[in-house]
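Reviewing the structure listed below.
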2 protein chains.
Amino acid sequence: MEPHEPDLTAVPVTSVLAALADDVRLQIVRALAEGGESACGSFDFGVSKATRSHHLKVLREAGLTRTRAAGTSRLVRLRRDELDKLYPGLLDAILTQRPPA
Amino acid sequence: MEPHEPDLTAVPVTSVLAALADDVRLQIVRALAEGGESACGSFDFGVSKATRSHHLKVLREAGLTRTRAAGTSRLVRLRRDELDKLYPGLLDAILTQRPPA
DNA sequence: GGCGTCGTTCGATAGTTGTCGAACAAGGGT
DNA sequence: ACCCTTGTTCGACAACTATCGAACGACGCC
């Protein structure tokens with residue numbers, strides 16, 4: 001199975017934004033931004049593994065992540081440099097935790 | 001009818017992103033960023049006025065725009081300064097037209 | 001080889017969303 | 001007063017999406 005990781009410039013902005021416009025996926029992206037490359041299973045945000053797999057697929061197909069096999073696991077990482085180049089400031093703006101009040 | 005324009009800090013990031021993750025709404029935001037305050041009717045992007053009204057409502061309730069009545073029309077404007085303050089770089093990153101290739 | 005782990009895929013389902021036409025409301029002009 | 005313009009709201013409908021359990025596949029290990 002090709003992991004279907006598109007060229008970021010070929011992904012419409014709306015798809016990138018839609019991929020980020022979900023709470024679970026945003027948590028995944030935040031975790032990746034902080035923790036670097038991580039196994040799929042490390043994102044346990046109260047959803048089933050089927051749902052998690054679905055969200056990772058959305059992120060991957062929106063050009064936000066890359067996935068590679070590593071034994072029985074799969075390692076996911078943010079395509080941060082590409083994102084920062086194409087959408088400078090986007091990730092920073094989104095990932096910055098806002099003041100609670 | 002109060003226009004229901006929330007405090008931006010009270011709007012979840014995902015709602016802001018979701019509001020921007022639609023082609024019609026993104027066109028509206030682009031037009032507002034370029035043209036400043038505009039009447040609702042000036043956004044004729046091939047959708048009915050009902051649909052346009054719906055999209056403007058989504059943008060307003062996501063904290064992206066402000067609306068004020070002006071005679072028979074309604075003028076809409078981007079809350080750019082607030083957005084730039086809370087999400088620095090977000091609008092710029094999104095509104096910048098990417099190279100076609 | 002067999003088993004457990006990790007992850008994807010399938011089918012189903014409930015909820016959300018984009019779209020429309022039609023009906024309604026508010027203003028301005030003649 | 002009438003009408004036309006401008007927008008909003010109300011169903012209705014189709015399309016998409018988030019979610020799950022279950023079945024399946026791939027890999028390492030014992």
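Chain letters run A, B, ... following the sequence lines, proteins first, then strands; residues in each count from 1.
- A/Arg68 places its CZ atom 15 Å from the P atom of C/dT8, with the value rounded to the nearest Å.
- Applying the side chain to side chain donor-acceptor pair (under 3.5 Å) rule to B/Ser48 yields the partners B/Thr51; only residues at least two apart in sequence or on another chain are considered.
- At the heavy-atom level, A/Ala69 lies nowhere under 4.0 Å from the strands shown.
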Enumerate, atom names and distances included, each donor-acceptor pair closer than 3.5 Å involving a side-chain atom of residues 16-23 of chain A, sequence neighbours excluded.
| residue | atom | partner | partner atom | Å |
| --- | --- | --- | --- | --- |
| A/Asp22 | OD1 | A/Val24 | N | 2.9 |
| A/Asp22 | OD1 | A/Arg25 | N | 3.2 |

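- The CG atom of B/Leu95 sits 7.5 Å away from the CG atom of B/Leu78 when rounded to the nearest 0.5 Å.
- If you measure from atom CG of A/Asp23 to atom P of C/dT16, you get 15 Å, rounded to the nearest angstrom.
- Scored by the side chain to side chain contact (heavy atoms under 4.5 Å, CB included) test, B/Asp7 finds B/Thr9, B/Ala10 as partners (sequence neighbours excluded).
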Less than 3.5 Å apart, which donor and acceptor atoms pair up between the side chains of residues 35-44 of chain B and the rest of the protein, not counting sequence neighbours?
| residue | atom | partner | partner atom | Å |
| --- | --- | --- | --- | --- |
| B/Glu37 | OE1 | B/Arg68 | NH2 | 3.1 |
| B/Glu37 | OE2 | B/Arg68 | NE | 2.7 |
| B/Ser38 | OG | B/Gly36 | O | 2.8 |
| B/Ser42 | OG | B/Ala39 | O | 2.6 |

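- Rounding to whole angstrom units, CZ of residue B/Arg74 and C1' of D/dT5 are separated by 14 Å.
- Residues passing the salt bridge (Lys or Arg N to Asp or Glu O under 4.0 Å) test with B/Arg79, sequence neighbours excluded: B/Glu82.
- B/Phe45 has its CZ atom 16 Å from the C1' atom of C/dG18, to the nearest Å.
- A/Ser73 comes within contact range of the sugar-phosphate backbone alone, with a heavy-atom separation under 4.0 Å but no base atom that close.
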Could you encode protein contacts along nucleotides 11-29 of chain D as a string, one character per nucleotide from 5' to 3', using B for base contact, S for sugar-phosphate-only contact and - for no contact, with a heavy-atom cut-off of under 4.0 Å?
-------SBBB-----SS-

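- A/Ile28 places its CD1 atom 12 Å from the P atom of C/dG7, with the value rounded to the nearest Å.
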